[in-house]
Trainee: 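This is the structure I want to talk about, given as structure tokens.
The structure presented is a predicted model; accordingly, all values stated were derived computationally and were not measured.
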Amino acid sequence: MSTTQSERLRELLEPLVTSQGLDLEEIAVDSVGRKRVLRVVVDSDEGADLDAIADVSRELSAKLDETDAMGQGEYTLEVGTPGAERELREHRHYVRATGRLVKFQLAEDGELVARLLTVDDEGVDVEVPGVKGRKATTRRLAFADIVKARVQVEFSRKDKKDMKEEEEA
């Protein structure tokens, strides 16, 4: 997808996504055989449920039908969320991943898997799990030292509601 088309699509679609209370995270046009697929990734601080995705999908589809932003050929519109193992690129991504286990690729220290505790403008505080019965430790990571960060899937992870109920008990 050309930068010009990507920019045009973002300019066209972002106001519609924002009006639905969502953030436009990503736009990609891929060729699948003779067809093209326009993938739009949306999210919000509260997450995007199926109803919100359906609503924004209808809005985007209507807007694309009334313009020539996708050209004359056929295409399929897919609207979704970033997924379980999303890469963290923006400050808001880190904020949304608070409490989650994250795999960090660091500029100097290689890889680190730790739970994201807090986020501010300069970096993040994480809890590094203890090894061989040792206690977990906290560590500060500056954004400048983080090359890449990706949320990890946890099958036995307690959600925020469960953690809050335990704190109150």
Side-chain angles (χ1 to χ4, degrees), residues 1-32 35-105 113-126 141-144 146-155 157-165:
M1 178 167 71
S2 72
T3 304
T4 306
Q5 184 183 24
S6 174
E7 289 170 358
R8 282 185 17 200
L9 285 169
R10 183 168 283 278
E11 287 174 13
L12 179 69
L13 303 180
E14 195 159 31
L16 293 172
V17 172
T18 303
S19 74
Q20 298 289 318
L22 301 170
D23 294 316
L24 179 59
E25 297 294 350
E26 190 176 318
I27 296 176
V29 177
D30 299 312
S31 295
V32 180
K35 286 195 163 191
R36 292 176 300 148
V37 178
L38 171 58
R39 290 186 176 86
V40 178
V41 178
V42 298
D43 202 6
S44 77
D45 290 344
E46 295 78 35
D49 63 18
L50 290 175
D51 290 335
I53 291 171
D55 290 344
V56 78
S57 182
R58 280 190 292 277
E59 292 282 330
L60 298 180
S61 181
K63 187 63 154 182
L64 289 165
D65 286 348
E66 70 184 42
T67 68
D68 69 342
M70 287 298 294
Q72 300 301 315
E74 288 186 38
Y75 68 93
T76 301
L77 173 64
E78 293 180 1
V79 180
T81 58
E85 290 190 357
R86 77 168 308 156
E87 187 173 342
L88 307 177
R89 294 188 201 120
E90 306 281 335
H91 185 272
R92 69 177 178 262
H93 299 165
Y94 286 90
V95 171
R96 291 174 185 161
T98 300
R100 302 285 308 272
L101 197 62
V102 177
K103 182 177 187 179
F104 296 93
Q105 179 65 45
V113 177
R115 187 160 313 279
L116 187 55
L117 299 175
T118 61
V119 181
D120 60 35
D121 291 340
E122 286 81 41
V124 298
D125 293 311
V126 298
L141 302 175
F143 285 124
I146 300 171
V147 175
K148 190 175 185 180
R150 184 176 298 279
V151 172
Q152 301 297 288
V153 173
E154 294 180 84
F155 293 106
R157 177 179 161 253
K158 294 179 181 179
D159 64 20
K160 290 178 184 177
K161 180 183 167 198
D162 292 338
M163 291 189 307
K164 189 172 186 177
E165 286 174 0

Trainee: Side-chain contact, heavy-atom cut-off 4.5 Å: Val29 with Val37?
Mentor: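 They are not in side-chain contact.
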Trainee: With side chain to side chain contact (heavy atoms under 4.5 Å, CB included) as the criterion, how do Thr18 and Leu24 come out once you've worked through the C-alpha distance, each side chain's angles and the decisive distance to 0.1 Å?
Mentor: CA-CA 7 Å; Thr18 303; Leu24 179 59; over 6 Å; no
Trainee: To the nearest 0.5 Å, what is the distance between CG on Asp30 and OH on Tyr75?
Mentor: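 That separation rounds to 15.0 Å.
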Trainee: Could you tell me which non-hydrogen atom of Asp120 sits nearest to which non-hydrogen atom of Phe143, and how far apart they are?
Mentor: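 In terms of heavy atoms, the two residues are closest at O-CE1, 3.2 Å.
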Trainee: Would you sort out whether Thr81 and Asp43 count as a side chain to side chain donor-acceptor pair (under 3.5 Å), showing the intermediate values?
Mentor: CA-CA 6 Å; Thr81 58; Asp43 202 6; over 6 Å; no
Trainee: Just verifying a value: how many Å separate Asp45 CG and Asp23 CG, rounded to the nearest 0.5 Å?
Mentor: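 Answer rounded to 0.5 Å: 7.0 Å.
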Trainee: Answer yes or no: is there an ion pair linking Arg92 with Glu25, defined by an N-O contact shorter than 4.0 Å?
Mentor: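 Judged by the 4.0 Å cut-off on N to carboxylate O distance, Arg92 and Glu25 do form a salt bridge.
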Trainee: Is the closest basic N to carboxylate O distance between Glu90 and Arg96 below 4.0 Å?
Mentor: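 Salt bridge absent between Glu90 and Arg96.
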Trainee: Are any non-hydrogen side-chain atoms of Leu117 and Val126 less than 4.5 angstrom apart?
Mentor: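 No, every pair of side-chain atoms sits at 4.5 Å or beyond.
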Trainee: Give a yes or no answer on whether the side chain of Arg36 reaches the backbone of Gly73 with a donor-acceptor pair at less than 3.5 Å.
Mentor: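 Present.
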Trainee: Which donor-acceptor pairs under 3.5 Å do the side chains of residues 52-66 make with protein atoms, sequence neighbours left out?
Mentor:
| unit_1 | atom_1 | unit_2 | atom_2 | d |
| --- | --- | --- | --- | --- |
| Asp55 | OD1 | Arg58 | NH2 | 2.5 |
| Lys63 | NZ | Glu66 | OE2 | 3.4 |

Trainee: Apply side chain to side chain contact (heavy atoms under 4.5 Å, CB included) to Thr118 and Tyr94, showing your working.
Mentor: CA-CA 9 Å; Thr118 61; Tyr94 286 90; over 6 Å; no
Trainee: What do the steps show when you test Ile27 against Leu38 for side chain to side chain contact (heavy atoms under 4.5 Å, CB included), and what is the final call?
Mentor: CA-CA 7 Å; Ile27 296 176; Leu38 171 58; 3.6 Å; yes
Trainee: Verify side chain to side chain contact (heavy atoms under 4.5 Å, CB included) between Arg86 and Arg150, making sure each step is shown before the conclusion.
Mentor: CA-CA 6 Å; Arg86 77 168 308 156; Arg150 184 176 298 279; 5.9 Å; no
Trainee: Between Val102 and Gln152, is there a side-chain heavy-atom distance shorter than 4.5 Å?
Mentor: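 No, side chains not in contact.
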Trainee: What residues, two or more places apart in sequence or in another chain, satisfy ring-ring contact (aromatic ring centres under 6.0 Å, His included) together with Phe104?
Mentor: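 Per chain and number, Phe104 pairs via ring-ring contact (aromatic ring centres under 6.0 Å, His included) with no residue.
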Trainee: Can we say Arg39 and Glu78 salt-bridge, meaning some charged N sits less than 4.0 Å from an Asp/Glu carboxylate O?
Mentor: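 Salt bridge between Arg39 and Glu78, a charged N being under 4.0 Å from a carboxylate O: yes.
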Trainee: Of all heavy-atom pairs between Gly21 and Ser44, which one has the smallest distance, and what is that distance?
Mentor: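 Heavy atoms of Gly21 and Ser44 come nearest at O-CB, 3.6 Å.
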Trainee: Check whether any side-chain heavy atom of Lys148 lies under 4.5 Å from a side-chain heavy atom of Glu87, and answer yes or no.
Mentor: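 Answer yes - side chains close enough.
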Trainee: Mind checking whether Leu116 and Arg100 have side chains closer than 4.5 Å, heavy atoms only?
Mentor: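 The answer is no, as the side chains (C-beta and beyond) never meet within the 4.5 Å cut-off.
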Trainee: As an exercise, state the distance from CD of Glu85 to CG of Leu101, rounded to the nearest 0.5 Å.
Mentor: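 Taking CD in Glu85 and CG in Leu101, the distance rounds to 10.5 Å.
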Trainee: Identify the heavy atoms of Ala149 and Ile146 that sit nearest to each other, and give their distance.
Mentor: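 Closest pair (atom of Ala149, atom of Ile146, distance): CB-CG2, 4.1 Å.
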